[in-house]
Amino acid sequence: MLTQLIYTKKMRDYIKREIIRVLIEVYDLSEAEDIVEIQKTSSKHVTSDYYTNIAMKLAKTLGEKPLLIAEKIVSSIITDTNYKVWVAKPGYINFTLHQSQKNNVVLEIIKSEDLLAGVKTSEARNIIVEFVSANPTGPLHVGHGRGAIYGNIISKYLEIQGHKVHKEYYVNDFGNQINKLVISVFSRIDGTIAHGSSDLYEGDYINDISKKIQQFIKNEGWDISIKKILENNEHSKKLEACKKVIVSSILENIRDSLSKLGIIFDNWFSESMLFENNLVDNIIARLRETGKTIKKDGALMFNDDEPRVLIKSNGEFTYFASDLAYHDRKMKKFDKVINIWGADHHGYVKRIYKGLESLGHDVGKLDIHLIQFANLYRGKKKVSMSTRKGEFVELDTLLQEIGIDAINYFYLMRSKDQHLDFDLEVAVSSNKNNPVYYIQYAHARIEKILSQVPEYNKYEFDYDNLTKKQEGDLVDKLINFSDTCKKSIINLKPQIMTNYLYDLSQLFHGYYANERIIKDDMNYSQVYLLVAIQKVIKCGLETINIEAPRKM
RNA sequence: GCGCCUGUAGCUCAGUUGGAUAGAGCAUUAGCUUCCGAAGCUAAAGGUCAGAAGUUCAAAUCUUCUCAGGCGCUCCA
């Protein structure tokens, strides 16, 4: 009756229906359907697979002791050989499945065409995920890494669910910091420009760009000094051209760094474009209509709890103004808008919500994920991340040093709300201290064993032939994979997947050390077990963009 | 002063919708190689879940307050 049903949760449903039936029969509880929950046993001290707390929940309304209720329920349950039911104080009803029943999961995993089928959504939506969006004033450094990797995986998770995902990088190519960048580059060419200013970008990349600009000017055949380009308004076209070269040079570098990390954006949205198409003016006009703007000290402000400047008294727009225009566009075009921001922007969140609300948007569509900072360590020593003076480790350097798999894993292994300490020495190590290595090693180890029994599938899998404690633990863990995927992928929590894979690998390594698989009297069911484990590890690693090597 | 995040073993962190005796790794200590990869495994030890009160049959988890750390509160970007 119950074969092949566990992995697909039907066993749990079966138990639930049985409990409901009993509740109606014994207590005449018509609402039983809504309150019965069958949960997975997580305590290590209890040897059941599922439990329900229904007896404790009903104690008050029924006016009976929970233990008594539980016993009454259990005595009416019709059991079969596939599972046992027992009561534990103060009123838990436990269900223990027969091992050979649970072993079904091994074949189910092996036969499954899509292990992630359980996370598919029934209503696919059009979602935009905006992330990284670092100002194009220099190369990406390690401080940008976490948001980049996290945004990429969130996008992937949404795609796995079946949504249509649009990945976008918002390019702040307008305003003061770009002008500052231009002056920084120009001052490398002509030292008298902005001489002695402490407010310029430094770092080697400025040198590289200044060379490019000099080449560009030469190619264009302009017979004019760099200083003149900057100073004379009549040369503003030339200045704009230089600006474009500078920004696109930096963007090219950023794009290159990201693609090396496997991060490809669908669109690079330019802030300038908002101004060129008068979208910012349009937003200001609409905000004025709502009556929520005020003039104060010559500036135009959005009147929130505190007034927020939209147009400065000198006539310049603030970022708030262009950000509202940008978000207005996104809110119109997509069903769901997700922003991945550094935690230092949290003060800005409320303002954006309030602004968009005033513009008539349903702000429930907007999710802003704030990512806490990551600190990098080299052993005990903290790696500096100061952007001042160009004292930062570039993302490219980090990639070279530890590789793409470690970058993905280490940035994803902790909750986004948690400050993350990232130790480079551990990330490059080739031993069990390094969780990436440890998981990949499990995959490779299994591959090695399987290569020695290529024709294992000529033998049948025997449900009754995995009886050892460690085999039971592994099977339980495999059963959990389905739930793990839901928790991780649907709730957008990559760390749940990294933790699961680590735990599974740990169980496997222990099993491997204790149990010899290749032997004279082969137990082919054990080989099947390894095949299932390997498939799950591979699938799990793929969801977090980490390679599952066959050999290391 | 106001706001957001955090506080769990010596260190770095998990902990699902509130469930049973709190979970890993590192570090420490003691062990394990004729044999599928020791790039590994086993065990011991380690806890006032920051503190207090509340809600509940049940709180690391929810509420309030206090303390501590990080970050943000510019006509900055």
Side-chain angles (χ1 to χ4, degrees), chain A residues 37 39-46 48 51-53 55-60 65-67 88-92 94 135 137 172 175-178 180 296-301 305-320 323 342-351 370-373 375 377 380 413-423 426 429-435 437-438 440-442 444-453 483-484 486-488 491 493 495-496 498-500 502-503 506 508-519 530 551-552:
Chain A
E37 275 180 301
Q39 306 191 43
K40 191 116 187 56
T41 305
S42 54
S43 169
K44 297 209 161 170
H45 307 284
V46 181
S48 72
Y51 73 90
T52 180
N53 54 9
M56 286 166 306
K57 276 186 172 173
L58 290 174
K60 200 169 233 177
K65 288 195 170 164
L67 206 56
K89 60 180 182 179
Y92 294 101
N94 280 301
N135 286 341
T137 52
N172 291 117
N176 286 332
Q177 88 285 353
I178 293 294
K180 204 165 93 184
K296 196 176 165 191
D297 305 329
L300 184 74
M301 305 203 179
D305 305 337
E306 274 177 76
R308 304 293 183 182
V309 179
L310 290 161
I311 304 176
K312 303 185 212 170
S313 52
N314 67 4
E316 287 175 12
F317 291 96
T318 61
Y319 268 69
F320 182 40
D323 274 354
D344 53 333
H345 285 77
H346 73 255
Y348 200 60
V349 172
K350 203 175 152 198
R351 216 182 300 178
L370 296 173
I371 314 293
Q372 294 297 320
F373 287 128
N375 292 315
Y377 288 84
K380 293 258 180 267
M413 69 191 288
R414 303 297 181 214
S415 150
K416 71 172 170 50
D417 296 325
Q418 190 69 243
H419 296 258
L420 170 70
D421 284 346
F422 187 151
D423 188 340
V426 172
S429 62
S430 313
N431 55 45
K432 63 171 294 197
N433 293 358
N434 182 348
Y437 212 93
Y438 189 73
Q440 292 181 321
Y441 181 41
R445 259 185 160 174
I446 293 174
E447 184 69 24
K448 184 66 183 284
I449 296 172
L450 297 183
S451 71
Q452 297 180 37
V453 279
D483 270 357
T484 299
K486 285 181 191 160
K487 286 172 200 160
S488 181
N491 298 331
K493 289 183 176 174
Q495 82 274 12
I496 289 179
T498 58
N499 287 336
Y500 173 86
Y502 188 87
D503 290 347
Q506 197 170 23
F508 163 73
H509 285 304
Y511 181 54
Y512 176 93
N514 202 34
E515 183 71 27
R516 199 173 164 77
I517 307 295
I518 308 293
K519 55 198 170 207
L530 297 193
K551 212 197 255 183
M552 298 171 71

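So you know, we letter chains A, B, ... as the sequences are listed, proteins then strands, and number each from 1. Every heavy atom of this structure was used, including side-chain atoms; hydrogens, water molecules and symmetry mates were not.
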*Taking only N and O in the side chain of A:Gln372, is any of them less than 4.0 Å away from OP1 or OP2 of B:rC4?*
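For B:rC4, neither OP1 nor OP2 has a side-chain N or O of A:Gln372 closer than 4.0 Å.
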*State, with a plain yes or no, whether a side-chain heavy atom of A:Asp323 is found less than 4.5 Å away from one of A:Tyr348.*
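Result yes, sub-4.5 Å side-chain heavy-atom pair found.
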*Below 4.5 Å, heavy atoms only, C-beta onward: do A:Tyr512 and A:Leu530 meet side chain to side chain?*
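Not in contact.
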Regarding [X], tell me which of base, sugar-phosphate or nothing describes its non-hydrogen contacts under 4.0 Å with the strands shown.
X        : value
A:Lys60  : sugar-phosphate
A:Glu515 : base
A:Asn499 : sugar-phosphate
A:Met413 : nothing
A:Ser415 : sugar-phosphate
A:Glu316 : nothing
A:Lys44  : sugar-phosphate
A:Arg516 : base
A:Ala88  : base
A:Asn514 : nothing

_Separation of atom CG in A:Asp423 from atom P in B:rC11, rounded to whole Å_ =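 Distance check: A:Asp423 CG to B:rC11 P gives 16 Å.
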*Provide, to the nearest angstrom, the distance between the CG atom belonging to A:Leu370 and the C1' atom belonging to B:rC71.*
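Rounded to the whole Å, the gap is 11 Å.
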*From A:Thr498 OG1 over to A:Asp503 CG, what is the distance, rounded to the nearest 0.5 angstrom?*
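Rounded to the nearest 0.5 Å, the OG1-CG separation comes to 9.5 Å.
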Using a distance-only criterion (donor-acceptor N/O pair, under 3.5 Å, no hydrogens), is the base of [N] paired with the side chain of [X]?
X        : N      : answer
A:Asp344 : B:rG72 : no
A:Glu37  : B:rU17 : yes
A:Ser313 : B:rC75 : yes

*Short question: side chain of A:His509, backbone of A:Tyr441 - any donor-acceptor pair under 3.5 Å?*
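Between the backbone of A:Tyr441 and the side chain of A:His509 there is no qualifying donor-acceptor contact (under 3.5 Å).
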_Quick check against the 3.5 Å criterion: does A:Asn499 have a side-chain atom that pairs as donor or acceptor with the backbone of A:Gln495?_
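Side chain of A:Asn499 to backbone of A:Gln495: a pair is present.
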For the side chain of [X], counting heavy atoms from C-beta on, which of [options] is nearest?
X        : options                : result
A:His509 : B:rC41, B:rU21, B:rA20 : B:rC41
A:Tyr92  : B:rG19, B:rC41, B:rC5  : B:rG19
A:Asn94  : B:rA20, B:rU17, B:rC41 : B:rA20
A:His419 : B:rU21, B:rG69, B:rC71 : B:rG69
A:Lys312 : B:rC75, B:rG70, B:rU21 : B:rC75
A:Met301 : B:rG25, B:rA77, B:rC75 : B:rC75
A:Glu306 : B:rC73, B:rG40, B:rC41 : B:rC73
A:Arg414 : B:rG40, B:rC13, B:rC75 : B:rC13
A:Ile517 : B:rC36, B:rG72, B:rA20 : B:rC36
A:His345 : B:rC75, B:rA77, B:rU21 : B:rA77

*Which string of ( ) [ ] | and . matches RNA chain B, if you list each base 5' to 3' and count Watson-Crick or G-U pairs only when both distances are under 3.5 Å?*
(((((((..((((.....[...)))).(((((.......))))).....(((((..]....))))))))))))....
_Syn/anti state for B:rU33 [syn: chi within 90° of 0]_ =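 Because its glycosidic torsion lies within 90° of 0, B:rU33 adopts the syn conformation.
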*So, A:Tyr348 and B:rG72: ring centres less than 5.5 Å apart, planes less than 30° off, yes or no?*
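According to the criterion (under 5.5 Å, under 30°), no, A:Tyr348 does not stack.
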*A:Asp503 or A:Leu420: which one's nearest nucleotide on RNA chain B is closer to the 5' end?*
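Taking each residue's closest nucleotide, the earlier one in sequence belongs to A:Leu420.
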*On RNA chain B, nearest-nucleotide positions of A:Ser48 versus A:Gln452: which is more 5'?*
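By nearest-heavy-atom nucleotide position, the 5'-most residue is A:Ser48.
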*Check salt bridge (Lys or Arg N to Asp or Glu O under 4.0 Å) between A:Lys57 and all other residues, then give those that pass, not counting sequence neighbours.*
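So A:Lys57 forms a salt bridge (Lys or Arg N to Asp or Glu O under 4.0 Å) with A:Glu37.
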*Just jot down the salt bridge (Lys or Arg N to Asp or Glu O under 4.0 Å) partners of A:Lys448, sequence neighbours excluded, or say none.*
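Partners of A:Lys448 under the salt bridge (Lys or Arg N to Asp or Glu O under 4.0 Å) test: none.
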_Could you tell me how far B:rG7 sits from B:rU56 if I compare only their P atoms? Round to whole Å._
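Those two atoms are separated by 27 Å.
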*Distance between the C1' atoms of B:rU8 and B:rU61, in whole angstroms?*
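Roughly 12 Å separates the two C1' atoms.
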*Crowding at NZ, A:Lys296 (>12 non-hydrogen neighbours, <6.0 Å)*: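 Open.
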